[in-house]
Each structure stands twice: as structure tokens, then as C-alpha cells.
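So the structure is just underneath, and the comments pick up after that.
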2 protein chains.
Amino acid sequence: MLPNQKSEPRSLTARGAATRSRIVDAAADLIYAHGVDRTSLDDVMAASSVSKSQLYHYFADKDALVLEVIARQTERVFEAQTPHLEALDSLPALKLWRNAIVRLNKAAHGKGCPLGTLASELANGFEPARKCLADSFAMWRDRIEQGLTKMRERGELAASADPYELAVAVLSAIQGGLLLAKTTHSSRPLEIALDMAIDHVARHMTKA
Amino acid sequence: MLPNQKSEPRSLTARGAATRSRIVDAAADLIYAHGVDRTSLDDVMAASSVSKSQLYHYFADKDALVLEVIARQTERVFEAQTPHLEALDSLPALKLWRNAIVRLNKAAHGKGCPLGTLASELANGFEPARKCLADSFAMWRDRIEQGLTKMRERGELAASADPYELAVAVLSAIQGGLLLAKTTHSSRPLEIALDMAIDHVARHMTKA
DNA sequence: GCACGACTGGACTGTCAAGTCCAATCGATG
DNA sequence: CATCGATTGGACTTGACAGTCCAGTCGTGC
């Protein structure tokens with residue numbers, strides 16, 4: 001059982017890094033639009049103006065590329081929620097965030113959450129991807145949890161409230177709402193789910 | 001533009017119906033386990049002990065089979081929630097249902113909701129499937145909504161509460177909770193999401 | 001018992017996708 | 001400017017999969 005790090009050259013020049021990044025971006029877009037299995041490497045080649053050998057120069061195989069795509073989408077999801085995600089420590093902040101998510105979903109024409117669709121497609125059958133996505137969700141939950149913890153420290157949230165559980169509940173609402181929104185071609189389910197989640201947090205607040 | 005009902009023979013004998021049903025069952029199982037794109041017709045053939053020509057005798061193409069699988073999974077989901085789904089008209093009934101869902105998820109080794117995974121995979125790019133799944137979700141939501149409506153008629157739920165919106169919120173929580181449960185390999189997110197949803201309903205109840 | 005249509009078997013085709021290979025360039029460095 | 005590894009091009013191999021075709025069997029109504 002040798003370390004078997006067969007892929008990825010030891011060093012990358014600036015040009016190489018740019019090419020590699022271009023590939024990941026194109027793959028992320030295509031996979032978001034069509035799913036992992038309906039995105040061929042030929043599609044990725046065409047979209048990123050790259051040849052087959054380059055793909056296999058930078059990535060051991062399609063699975064390795066998919067793993068990179070997960071990482072890239074995780075970054076994108078976090079960036080898209082900036083700056084809201086950094087300070088979800090008050091009811092007004094949560095509501096602003098809610099509106100931003102709804103806006104984001106509309107801008108994406110209700111295609112759903114990039115991480116959610118990847119998770120649904122890969123969580124069974126490609127264990128490294130599942131782990132990676134579980135980490136992404138954990139980080140996301142953690143951001144929410146941090147804001148709630150701050151609220152509790154300030155006494156805005158009841159001492160009996162569990163920031164971890166509240167954060168999991170909120171994230172569930174987001175994912176479920178996005179899935180229903182995507183399926184029904186309407187953003188209402190997302191709005192309704194988010195409002196429930198915010199109500200749920202509000203319910204654990206001490207009187208104003 | 002002729003009606004173009006190219007597929008499906010006019011009549012089915014008992015044996016033919018059985019074969020056809022066997023195919024759909026096998027396809028449903030395989031697709032639930034591996035996803036639509038990772039399930040080949042050869043796999044379905046092997047699992048249902050059927051030859052290629054039989055597949056194409058009963059279904060116009062893979063898409064037609066997938067549509068049937070959606071219908072079958074919809075039936076299964078509803079059956080699995082029987083009898084709870086028929087009378088979600090009290091808080092205790094909702095809690096019993098919650099426990100049943102958690103149990104079901106554990107029994108399925110956290111593979112998630114059959115409808116949810118299909119929706120995530122097919123909602124973009126295969127419009128007939130999306131419509132079909134949207135209908136399934138609407139029926140599901142309607143069952144929940146009916147129970148809540150009954151509660152409101154009885155005066156247990158506040159007149160200001162909207163059974164439709166509450167039902168959508170509950171269904172979102174289920175789907176989101178199942179997705180996180182599947183990704184994290186833990187049923188906790190599902191439990192947390194369901195508890196939030198039930199709390200949310202309880203919050204709209206008139207005092208006991 | 002025979003005729004006709006439902007039903008079945010399985011070989012065959014065409015396409016497309018993953019992954020391999022080798023030879024050619026580019027560019028920093030001594 | 002010579003060298004070496006990073007980088008690139010694209011043809012080629014291999015296998016899988018959707019879908020086609022035709023020939024044969026079964027079973028039910030007449």
C-alpha cells in the first residue's frame with residue numbers, strides 16, 4: 001500500500017495553474033447544468049478549449065475532477081452568500097440573508113443548490129465525494145451556528161436554545177425549499193421553508 | 001402531428017402485465033440505489049430476468065420506463081406512510097408520523113427519499129419527469145394539507161394559519177432533512193428538521 | 001386444432017465516453 | 001543557447017450502452 005499519489009505534477013507554472021482552473025470552472029458549470037453523469041469530458045474539453053491530454057495531465061481521472069468541482073462549488077456557494085454568512089447574528093441579518101438566497105435562486109432560474117444536487121447524485125456510490133460534501137455542509141452549518149452562538153452569548157437567544165440544532169434545521173429548510181422550488185418551478189416553497197426556519201429561530205429568542 | 005402513441009400494445013394478458021410490472025419494480029430498485037444515469041437497461045434486464053426485446057415491447061424507450069418508475073416510486077412512498085398520511089389531523093398523529101419517517105429512513109440505510117433523488121436528478125433536462133414529480137409532491141403536500149385543514153375546521157389550528165403553506169414547509173423539512181441525513185450518514189438532521197416542522201405547526205395551534 | 005396477436009430470445013448496430021499513448025512545443029534556468 | 005520538465009495536440013483503443021431487427025414460441029378465441 002504505497003501512498004500512490006499518481007496524479008498532479010509536483011509544480012505548476014502560472015500558465016498551468018490557469019489552465020487547470022479553467023477546466024474546473026467549465027466542469028463546474030456543465031455539471032451544475034446537467035449533472036455529473038450527463039457531463040462528458042469531451043464537453044468539458046470543448047467548454048474550456050483544452051485537449052484530452054491536458055485533462056489527464058491535471059487530473060488522474062474524472063472522479064478527481066469531480067472532487068475538485070465540489071471544492072469549487074463550495075467556494076462559490078460561500079462567496080454568493082457573502083457578506084451575509086459572516087454575521088448571521090440578529091433577526092434582521094437573518095431576514096436579509098433569506099432575501100438574498102431567494103434572489104440567488106431566482107437568478108439561477110431555480111436550478112437549485114449546486115451542493116445539494118451534487119450531494120443527491122453522489123452521496124451513494126462515490127464515498128470520497130460524499131465525505132467532501134458532508135464537510136461542505138458542515139462548514140455551512142457552522143457559519144450559521146456561529147451567528148446563533150453569538151446571539152446566545154449576547155442573551156438574545158435563550159440559554160436553552162441549541163445553536164447547532166437550530167443551524168441544522170435552517171440548513172435543512174434551505175435544501176428542502178430549494179429542491180421543491182426546482183421541481184415546481186416556483187420560488188414559493190423556498191420562501192415558505194426559509195420563513196419557517198427563521199420563525200423557528202425567532203421562537204427561541206428572549207423577549208425583545 | 002398525429003397522436004403518435006407508438007408504444008404499449010393495446011391489450012395486455014395477465015402474464016404480460018406481470019412481466020411489465022416486474023420490469024418496473026426492478027428498474028425502480030436499481031434507480032433508487034444508483035440513480036437513473038448509472039442504471040443501464042442491461043442491469044434492468046438482468047435484475048428482472050427479461051430480454052431486451054421485452055423491454056422495448058413494453059416501453060418505447062428508457063425515458064418511458066423512467067416515467068413509470070416515478071409513478072411506481074410515488075405509490076411506494078405513499079404506501080410506506082400508510083396509514084399515517086391519511087389522518088395527519090392532530091399533534092400526536094404528526095409525531096407518530098415523524099417517528100415512522102425516521103424509522104423508514106433508517107431502514108433504507110439513509111439512502112434518502114426516492115422522489116427527492118429522482119427530482120434532483122431529473123428536474124432539469126427531462127421536463128415530463130419534472131412535471132410528474134411536481135405532481136407527486138403536490139399530492140404529498142395535499143395529504144398533509146388535508147389533515148391540517150381538518151384541524152383548522154375543528155378550531156385546533158388558528159384561523160389565521162394557512163394549511164397549504166404549513167404543508168409546504170413540512171414537506172420542505174422532510175426533503176432537506178433527508179438530503180442532509182443521506183450526505184452525513186446520520187439520521188439526526190432528519191429528526192431535527194422534522195421537529196422544527198412539527199414545532200412550526202404547533203405554534204399555529206390554538207391553546208390546548 | 002388453427003390462426004392470430006401477444007409475447008419472448010438474443011444477436012447486431014451505431015454512437016459515445018473514458019482513458020491511453022506518443023510526439024511535439026514552450027519556457028525558465030544555467 | 002542548450003536542457004529538462006511542464007505543457008499541449010490529437011489520434012487511438014476499449015468498452016458500455018441505447019436502440020433495432022427478426023425469427024421463434026405461447027395461449028386464447030373461434
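This structure is a prediction, so every number in the text was calculated from the model and none was measured. Chain A is the first sequence line, chain B the second, and so forth, proteins listed ahead of strands; every chain is numbered from 1.
Heavy-atom distances to DNA chain C give each of D43(A) and V50(B) a nearest nucleotide, and the one nearer the 5′ end belongs to V50(B).
Between Y56(A) and K52(A), some side-chain heavy-atom pair lies under the 4.5 Å cut-off.
Between E121(B) and D37(B) the shortest heavy-atom distance is OE2-N, 3.1 Å. Scanning both residues, R20(A) and Y58(A), for their nearest heavy atoms gives NH1-O, 3.0 Å.
Applying the 4.0 Å criterion to OP1 and OP2 of dT7(D), one finds that Q54(A) has every side-chain N and O outside that range. Taking only side-chain nitrogens and oxygens, T19(A) comes nearer than 4.0 Å to OP1 or OP2 of dT8(D). Side-chain nitrogen and oxygen atoms of Y58(A) include none within less than 4.0 Å of the OP1 or OP2 phosphate oxygen of dA6(D).
Using a distance-only test at 3.5 Å, with no hydrogens or angles considered, a donor-acceptor pair links the side chain of Y32(A) to the main chain of G112(A).
Look at CZ on R20(B): it is 14 Å from C1' on dA6(C), rounded to the nearest Å. Rounded to an integer number of Å, the gap from CG of L55(A) to P of dT7(D) is 14 Å. One can place CG of D61(A) at 17 Å from P of dA17(C), the figure rounded to the nearest angstrom. Between the CD1 atom of I23(B) and the P atom of dG9(C) there is a distance of 10 Å, rounded to whole Å. Atom CG in L65(B) sits roughly 14 Å away from atom C1' in dC17(D) (whole-Å rounding). The CG-C1' distance, from D42(A) to dA18(C), rounds to 9 Å in whole Å. If you take NZ of K62(A) and C1' of dA16(D), they are 14 Å apart, rounded to a whole angstrom.
With axes fitted over five pairs at each extremity, the angle between the ends of the helix from dG1(C)-dC30(D) to dG30(C)-dC1(D) is 10° (10° resolution).
The stretch residues 25-40 of chain B touches DNA chain D through T39(B), S40(B), each having a heavy atom under 4.0 angstrom from the strand.
Taking the side chain of S53(A) as heavy atoms from C-beta on, and the options dG10(C), dG10(D), dT7(D), the nearest nucleotide is dG10(D). The listed nucleotides are dA18(D), dA6(D), dG9(D); the one nearest the side chain of H57(A) is dA6(D). The nucleotide whose nearest atom lies closest to any side-chain atom of Y56(A) is, among dG19(D), dT20(C), dG10(C), dT20(C).
Listed by first then second residue, pairs satisfying side chain to side chain donor-acceptor pair (under 3.5 Å) with a partner in residues 83-95 of chain B read E86(B)-R143(B), D89(B)-R154(B), not counting sequence neighbours.
A salt bridge does not link E79(A) to R76(A): none of the charged side-chain nitrogens sits closer than 4.0 Å to a carboxylate oxygen. By the 4.0 Å N-to-carboxylate-O rule, K131(B) lies close enough to E127(B) to be salt-bridged with it. A salt bridge does not link K150(B) to E153(B): none of the charged side-chain nitrogens sits closer than 4.0 Å to a carboxylate oxygen.
Side chains of S51(A) and Q54(A): a donor on one and an acceptor on the other come within 3.5 Å.
Here K52(B) lies in heavy-atom contact (under 4.0 Å) with a base.
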